[in-house]
Every structure is written in structure tokens, then in C-alpha cells.
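Just below is one structure, and these are the notes that go with it.
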Amino acid sequence: MTLFFGQRRAVRDASTVRALAAGSVGNFVEWYEFGVYGCFATVIAARFFTPEGGGEAEALVRTYASFALAFLLPARRGGPVRAAR
């Protein structure tokens, strides 16, 4: 079947549609979590990373560093680091 410019092939396979929906929901949840964490980063920094008397900027950097470690070293087996290889 030859597809010309502007034509699209219909997706009729149920497993393809289900995989697309599952991937979209997972992507939305990941970005939502990232946005919520970003919004509450200052609160988290003030509550958890300033008891020893460090500055506000240092606490915010530690907050973002802990988020980066949680993203790069996930508890699940596959994780984004293995997927990138």
C-alpha cells in the first residue's frame, strides 16, 4: 500500500491503541509528578534540607539533586537509565 502526502493509515489493532493509551497516561503522570515536585520544591527545601543551618539556595539545590537521583536511579528494574542504552 502506497501512502501519499497527507494520507494516513488507520490504526485498527486493539493492542496498538491500548499501548498508545497506556504510554500516554504514563507520560502524563510522569510530567504531572515533575510539575508538582517543582511547585513544592521550596517547601520541601525549607522542611527537609535546612535544619543544619545551610542557606536557602543550598537547600533548593539539594532538593533538586534528590529529585535527579530519584529519576536516574529508580527503584524499578528497567528505569530510564537502562532504557537509554
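Just the heavy atoms: all of them, side chains too, but no hydrogens, waters or symmetry mates, feed the values below. It should be emphasised that the depicted structure is a prediction, and the values quoted were computed from it without experimental measurement.
Residues Phe28 and Val17 do not share a hydrophobic cluster, defined by chaining ILVMFWY side chains whose heavy atoms lie under 4.5 Å apart. One hydrophobic cluster, built from ILVMFWY side chains closer than 4.5 Å, holds both Phe40 and Tyr32.
When the side chain to side chain donor-acceptor pair (under 3.5 Å) test is applied to Ser66, the partners found at least two apart in sequence or on another chain are Tyr37. Residues passing the ring-ring contact (aromatic ring centres under 6.0 Å, His included) test with Phe34 are Trp31, Phe67, sequence neighbours excluded. Under the side chain to side chain donor-acceptor pair (under 3.5 Å) criterion, Ser24 pairs with no residue at all, not counting sequence neighbours.
Applying the salt bridge (Lys or Arg N to Asp or Glu O under 4.0 Å) test to pairs two or more places apart or on separate chains, none has a residue in residues 15-25. Among residue pairs with one or both ends in residues 61-70, those qualifying as salt bridge (Lys or Arg N to Asp or Glu O under 4.0 Å) are Glu52-Arg62, Glu58-Arg62; sequence neighbours excluded.
Residue Leu60 shares its hydrophobic cluster (ILVMFWY side chains chained together at separations under 4.5 Å) with Tyr64.
Between atom SG of residue Cys39 and atom CD1 of residue Ile44 there is a gap of 10.5 Å, rounded to the nearest 0.5 Å.
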